[in-house]
Amino acid sequence: MSLTQFSQDDVTYMHQAIDLARKGIYSTKPNPAVGCVLVKNNQVVGQGWHQKAGQPHAERIALAEAGNNAEGATAYVTLEPCSHFGRTPPCADGLIEAKVAKVVVAMKDPNPLVAGQGIERIRNAGIEVIIGVLEEEAKNINPGFIRKMERQLPFVRLKMASSLDGRTAMENGESHWVTGAESRLEVHKMRARCGALITGIGTVLVDDPSLTVRLSDEQLAELNLTQDNCHPIRVVLDSNLSMPLDAKMLALPGKTILMTSSETVERCSEIVEELHHKGVEIVAVAADEDRLDIESVLRYLASEEQVNDVMVESGAILAGAFIQSGLVNELHCFIAPSLMGHDAKPMFVLPGLDSMDKKLNFTIQSMDRFGDDARLILVPKE
């Protein structure tokens with residue numbers, strides 16, 4: 001449906017629900033971010049947003065705020081109300097029990113446990129349901145959740161920081177700092193949004209990164225996070241188990257997973273044991289010699305770790321492999337207004353691109369500025 005087929009009130013109140021849902025995009029993982037607004041006699045009588053997995057859903061919060069005023073109200077919900085028991089009871093039942101008059105839904109839930117059943121249950125109770133108001137805006141709130149449910153893969157953002165001539169580090173490896181403080185702050189916010197942060201063992205050996213979210217308490221509070229729940233899972237692709245036992249990340253809070261091959265696990269049993277003592281999880285995925293299969297890595301994170309969104313921060317070889325895998329959804333390029341010279345390290349290693357008809361093309365989705373740096377968000381052209 002086009003917006004002209006919906007009333008202006010439906011559009012206005014759904015915008016409010018979407019604004020509420022956006023408050024949860026950092027804190028609800030692995031659940032989707034959802035907002036709900038209850039309206040009666042042209043007055044908002046209740047509103048809510050899902051804040052954290054295991055806590056009440058948006059509809060339940062809005063219903064609690066509305067109390068008896070929920071009866072006869074219209075509920076505006078950014079995602080189809082759930083119809084199954086998880087850690088919280090079904091929201092579809094809550095709306096039915098509250099005797100709302102109408103439910104306006106932005107998008108159906110791609111979760112197979114719901115997938116239209118919530119809408120059907122509400123309609124079977126004699127309540128009018130309208131679907132599709134601001135559907136695209138609602139989908140943009142939860143791209144990772146949608147991709148995981150539809151494709152069993154997380155949404156992948158590949159972040160690169162470079163000079164104007166596309167260089168990420170000097171020839172000797174020096175890279176602190178290519179971009180400015182404002183860009184680095186945005187990168188930490190990006191980290192806070194994702195469920196897993198992926199890098200390669202080469203980056204660990206050269207830079208010894210922490211791969212943590214370094215934001216102040218005040219900055220985290222703006223994202224509805226705390227120091228306890230802001231860090232993504234650290235994932236290191238390490239085909240030969242070369243991780244140093246004194247690597248900085250191994251002594252930091254949060255979970256670290258090393259992805260390697262089953263052959264390496266069998267061959268390096270002593271190293272595996274030492275890493276386990278350090279609290280590291282070792283996961284074997286499909287591999288071709290010393291190249292780990294990127295799709296296997298991503299499917300493991302989606303299915304076993306319930307990760308919706310992945311961020312890749314790596315050197316040129318792994319970044320190029322991710323690009324050539326076709327599994328990158330967004331490329332975030334932070335570009336500093338500087339030149340580092342042709343001997344400096346490139347953004348990507350992309351073997352096989354030896355003619356113009358093989359070049360990889362992208363569409364610029366957005367451009368913004370952080371201090372003196374520019375950021376381009378690009379999506380691959382199909």
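Residue numbers start at 1 and run along the sequence shown.
Other residues, nucleotides and ligands place no more than 12 heavy atoms under 6.0 Å from the CD1 atom of Ile317. The environment of Asn41 atom CG is sparse: at most 12 non-hydrogen atoms of other residues, nucleotides or ligands sit within 6.0 angstrom. Within 6.0 Å of atom CG in Asn68, 12 or fewer heavy atoms from other residues, nucleotides or ligands are found, so the atom counts as exposed in its surroundings. For Arg267, the CZ atom counts as densely surrounded, since its 6.0 Å shell holds more than 12 non-hydrogen atoms of other residues, nucleotides or ligands. Remark: Arg291 CZ is loosely packed, at most 12 non-hydrogen atoms of other residues, nucleotides or ligands lying under 6.0 Å away.
Side-chain contact of His332 with Glu330: a donor-acceptor pair under 3.5 Å is present, judged by distance alone. Between the side chains of Gln8 and Thr12, at least one donor N or O sits under 3.5 Å from an acceptor N or O. For the residue pair Thr28/Asn31, the side-chain donor-acceptor check at 3.5 Å is not satisfied. Checking Asn224 against Tyr26 by side-chain atom types alone, no donor-acceptor pair falls below 3.5 Å. Donor-acceptor pairing under 3.5 Å is lacking for the side chains of Ser242 and Asn240. For the 3.5 Å distance criterion, the side chains of Asn308 and Lys29 fail to qualify, holding no donor opposite an acceptor.
Following chains of ILVMFWY side-chain contacts shorter than 4.5 Å, one can reach Val37 starting from Val133, so the two form part of one hydrophobic cluster. When hydrophobic clusters are built by joining Ile, Leu, Val, Met, Phe, Trp and Tyr residues whose side-chain heavy atoms come closer than 4.5 Å, directly or via intermediates, Leu327 is grouped together with Leu318. Put simply, Leu237 and Leu158 are part of the same group of oily side chains (I, L, V, M, F, W, Y) that touch within less than 4.5 Å, one to the next. By the rule that hydrophobic residues join a cluster once side-chain heavy atoms approach within less than 4.5 Å of another member, Phe322 and Val285 end up as members of one cluster. Linking Ile, Leu, Val, Met, Phe, Trp and Tyr whenever their side-chain heavy atoms come within less than 4.5 Å puts Met347 and Leu339 in one cluster.
A donor-acceptor pair under 3.5 Å links the side-chain atoms of Asp208 to the main chain of Lys248, judged by distance alone. Counting only distance, with no hydrogens or angles, the side chain of Asn329 and the backbone of Val156 share a donor-acceptor pair below 3.5 Å.
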TODO: Could you walk me through whether Asp165 and Ser163 pass side-chain hydrogen bond (donor to acceptor under 3.5 Å, both in side chains), step by step?
DONE: CA-CA 5 Å; Asp165 51 348; Ser163 60; 2.4 Å; yes
Open item on the list: Set out, in order, the CA-CA distance, both residues' side-chain angles and the distance that settles salt bridge (Lys or Arg N to Asp or Glu O under 4.0 Å) for Lys358 and Asp354, then state yes or no.
Closed with: CA-CA 7 Å; Lys358 293 180 181 178; Asp354 52 9; 3.0 Å; yes
Open item on the list: side-chain contact (heavy atoms from CB on, under 4.5 Å), that's the test. Do Val307 and Ile233 meet it? Break it down for me.
Closed with: CA-CA 9 Å; Val307 169; Ile233 299 169; 4.3 Å; yes
TODO: Assess whether salt bridge (Lys or Arg N to Asp or Glu O under 4.0 Å) is satisfied between Lys108 and Glu135, documenting all intermediate values.
DONE: CA-CA 9 Å; Lys108 289 185 178 180; Glu135 181 176 8; over 6 Å; no
Task: Test side-chain contact (heavy atoms from CB on, under 4.5 Å) applied to Ile364 and Met367, step by step - done: CA-CA 7 Å; Ile364 298 176; Met367 295 183 286; 3.7 Å; yes
TODO: Decide yes or no on salt bridge (Lys or Arg N to Asp or Glu O under 4.0 Å) for Lys345 and Glu171, but give the supporting numbers first.
DONE: CA-CA 6 Å; Lys345 296 183 182 297; Glu171 187 179 15; over 6 Å; no
Task: Trace of the side-chain contact (heavy atoms from CB on, under 4.5 Å) decision for Val103 with Tyr76 - done: CA-CA 6 Å; Val103 177; Tyr76 293 89; over 6 Å; no
- [ ] Given side-chain contact (heavy atoms from CB on, under 4.5 Å), test Tyr300 with Met259 step by step and report yes or no.
- [x] CA-CA 10 Å; Tyr300 177 89; Met259 299 278 197; 3.6 Å; yes
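At a threshold of 4.0 Å, the pair Glu274-Lys278 does not count as salt-bridged, since none of the basic side-chain nitrogens sits closer than that to a carboxylate oxygen. Lys159 and Glu313 are joined by a salt bridge, as a carboxylate oxygen and a charged side-chain nitrogen come within less than 4.0 angstrom of each other. Salt bridge annotation for Arg22-Asp19: present, with a cationic side-chain nitrogen under 4.0 angstrom from a carboxylate oxygen.
With values rounded to the nearest 0.5 angstrom, Cys36 atom SG is found 6.5 Å from Leu63 atom CG. The CG atom of Asn140 lies 7.0 Å from the CD atom of Glu137; values are rounded to the nearest 0.5 Å. Note: Ile335 CD1 to Cys333 SG = 5.5 Å, rounded to the nearest 0.5 Å. One finds the CG atom of Leu220 at 5.0 Å from the CG atom of Leu215 (value rounded to the nearest 0.5 Å). Distance CD1/Ile257 to CD/Glu304: 10.0 Å, rounded to 0.5 Å. Once rounded to the nearest 0.5 Å, the distance linking NZ of Lys381 with CG of Leu360 reads 12.5 Å.
Among all heavy-atom pairs drawn from Leu292 and Ala287, the shortest one is CD2-CB, 3.8 Å. Closest of all the heavy-atom pairs between Phe6 and Ile131 is CZ-O, 3.7 Å.
The salt bridge (charged side-chain N to carboxylate O under 4.0 Å, His left out) contacts involving residues 30-48 comprise nothing, where partners must be two or more places apart or lie in separate chains. Pairs passing the salt bridge (charged side-chain N to carboxylate O under 4.0 Å, His left out) check and including a residue from residues 220-238, sequence neighbours excluded, do not occur.
In this structure Ser239 satisfies the side chain to side chain donor-acceptor pair (under 3.5 Å) test with no other residue, sequence neighbours excluded.
None of Arg157, Lys148, Arg193 except one satisfies the salt bridge (Lys or Arg N to Asp or Glu O under 4.0 Å) rule with Asp309; the exception is Arg157.
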